[in-house]
Amino acid sequence: MTGEVVTRFAPSPTGFLHIGGARTALFNWLYARHTGGKMYLRIEDTDRERSSQAAVEAILDGLHWLGLDWDGEPISQYERAVRHRAVALELVEKGLAYHCYASAEELTEMREKARAEGRPPRYDGRWRDRDPSEAPEGVSPVVRIKAPREGETVVRDMVQGDVRFPNKDLDDFIILRSDGNPTYMLAVVVDDHDMGVTHVIRGDDHLTNAARQTIIFQSMGWDVPNMAHIPLIHGPDGAKLSKRHGALGVEAYRAMGYLPEALRNYLSRLGWSHGDDEIMSTEQMIEWFDVTDVNKGAARFDFAKLEATNGLYIRGADDAYLVERIVALLPELENTEAIREKLSAPEMRAKLLAAMPGLKERAKTLTELIDSAGYLFAERPLNFDEKASGILSDEARQVLGRLRPQLEAVGEWSVEALDAAVRAFAETEELKLGKVAQPLRAALTGRATSPGVFDVLAVLGREESLARIRDCES
Ligand code: GLU
């Protein structure tokens, strides 16, 4: 291949950017960046009934969040309808397409006949060679392409290999409706040509369309772009991806607390891989990605793997970055007004930042991080979960009562000094460390599990820690 690679992502704005669309966008983006080419964004809004501006915005938002950018301005397919129409009429003029006046009744009859004969329903070409002077009065015709009837149309696919379609199965499909609007099939071809698209990378549910689109390209004498039809995403059980499996909008993943870079990393491995590398930086993905390496077989979406990937990203992330992400995510989550309010104070943000090294060791998502940071925001007297209440027995409360003066005596309120003080106390009392640390954790956090208890003490600070212990001691 010579010349610049041009890819495009061409979503229909009929809903959110779903996970399959996000992966298609990612592959187009990776390939464009890998080759130093361009990726355009084309909004396929020809279907006015089903398209909405809200969906366009949701798609742009989703792409932004995932860190996928595109070259130039988004292109509206609908706004190009005049050009699409002109191409259809040019084909009519060249004798490569024709007006068809078949009525709805005729078409139904054709379909029923085909069904009765066990053939797939195809238009029979009745207006293909008829003289336009035979046109019935007052009927607005559609325009149909004069598709070849013999031989086959071959889609040379970079992922699927050569896929052959017998031309007898591809009928004279409509390119312009009777109201003068282009069909999707025509609009895609004209746009891909005019945009200089060299590589069409999209879901393999478009493979049959690729054959029909090839016919239009060839009729116009245009180069057919390289095609790469990528396998659809299935659930872990091999069935088509459903909501339960994760067929959700990208914004749902954001709300579940996934990091965009983790989701992007995970998506890149749905149908593509680079050896056994699970975690790849964006630079590595760009360097290694090649569309010819995409697998033919369906990819399987696995929530557990996505979570594990996200956990690795969280552990590796910068603490301040995680605080930022949490602050950005909170408004999307219910019942977080109180936390948001608290986090608007710089001291509380500083506390969250200080707690982050301990918190991030255990969390797989940002929402889990927020949950385990709950002790920071809790108000005295704390609510204790069942396990914590169980730990805080009379005996344990007495231990806390004897421990507190030892902690009060600590000079510098640091992890090391607190650690030393608690250990010394346990030794004097001839108690196992756990017998002291467990009630202490319960008293400080209201839970039986938390980050390291000395970290918790240090992050909460002297005054708040001692107050929480006092609330529980006897
Ligand atoms: N608009 C189509 C879709 O969302 C994609 C068309 C294409 O990529 O050619 O499925």
Side-chain angles (χ1 to χ4, degrees), residues 5-32 37-63 66 68 70-71 74-81 84 87 153 155-160 163 165 173 175 181-217 220 222-233 240-241 247-250 267 271 291 294:
V5 164
V6 177
T7 69
R8 85 306 196 266
F9 176 51
S12 303
T14 53
F16 289 116
L17 175 62
H18 59 87
I19 204 74
R23 198 234 354 203
T24 301
L26 175 64
F27 282 10
N28 276 286
W29 183 81
L30 285 173
Y31 193 58
K38 286 198 164 60
M39 175 176 104
Y40 293 127
L41 177 61
R42 183 170 76 226
I43 305 291
E44 304 216 310
D45 50 0
T46 336
D47 183 343
R48 301 314 281 168
E49 302 268 286
R50 296 179 59 225
S51 301
S52 76
Q53 191 51 33
V56 173
E57 270 147 36
I59 290 167
L60 299 190
D61 260 11
L63 291 172
L66 269 177
L68 302 180
W70 54 90
D71 293 283
I75 293 156
S76 156
Q77 186 160 69
Y78 173 68
E79 284 173 14
R80 294 180 35 80
H84 303 147
V87 169
T153 296
V155 176
R156 310 222 108 102
D157 198 87
M158 293 172 84
V159 174
Q160 312 286 337
V163 188
F165 295 84
F173 55 92
I175 56 175
N181 282 319
T183 58
Y184 158 76
M185 212 62 81
L186 175 70
V188 166
V189 170
V190 176
D191 291 349
D192 282 341
H193 171 77
D194 289 0
M195 289 158 68
V197 170
T198 61
H199 290 74
V200 170
I201 303 171
R202 61 186 173 192
D204 67 9
D205 49 336
H206 285 286
L207 198 51
T208 314
N209 290 340
R212 296 205 160 94
Q213 289 162 3
T214 298
I215 292 172
I216 305 179
F217 277 112
M220 283 304 287
W222 292 338
D223 286 341
V224 182
N226 296 287
M227 301 274 181
H229 286 89
I230 60 183
L232 296 185
I233 303 175
K240 203 169 165 265
L241 200 66
L248 304 165
V250 162
L267 287 179
V291 74
V294 173

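Atoms within a ligand are numbered from 1 in the order they appear, just like the ligands themselves. Reckoned from all heavy atoms, side chains included, excluding hydrogens, waters and symmetry mates.
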query = More than 12 foreign heavy atoms under 6.0 Å from CG of D205: is that the case here?
reply = yes
query = Are D194 and R80 close enough for a salt bridge, meaning some N to O gap below 4.0 Å?
reply = yes
request  = Measure centre to centre between the rings of H199 and Y31, then say whether the value is under 6.0 Å.
outcome  = yes
remark   = Those residues with a heavy-atom separation under 4.0 Å from ligand 1 are R8, A10, P11, S12, E44, Y184, V188, R202, H206
Working for salt bridge (charged side-chain N to carboxylate O under 4.0 Å, His left out), residues D192 and R42 = CA-CA 10 Å; D192 282 341; R42 183 170 76 226; 2.7 Å; yes
request  = For T46 and Q77, run side-chain hydrogen bond (donor to acceptor under 3.5 Å, both in side chains): C-alpha distance rounded to whole Å, both residues' side-chain angles, the deciding distance at 0.1 Å, then the answer.
outcome  = CA-CA 6 Å; T46 336; Q77 186 160 69; 2.9 Å; yes
message = Does the plane of the ring in Y184 sit parallel, tilted or perpendicular to the ring in H206? Use 30° and 60° as the thresholds.
response = tilted
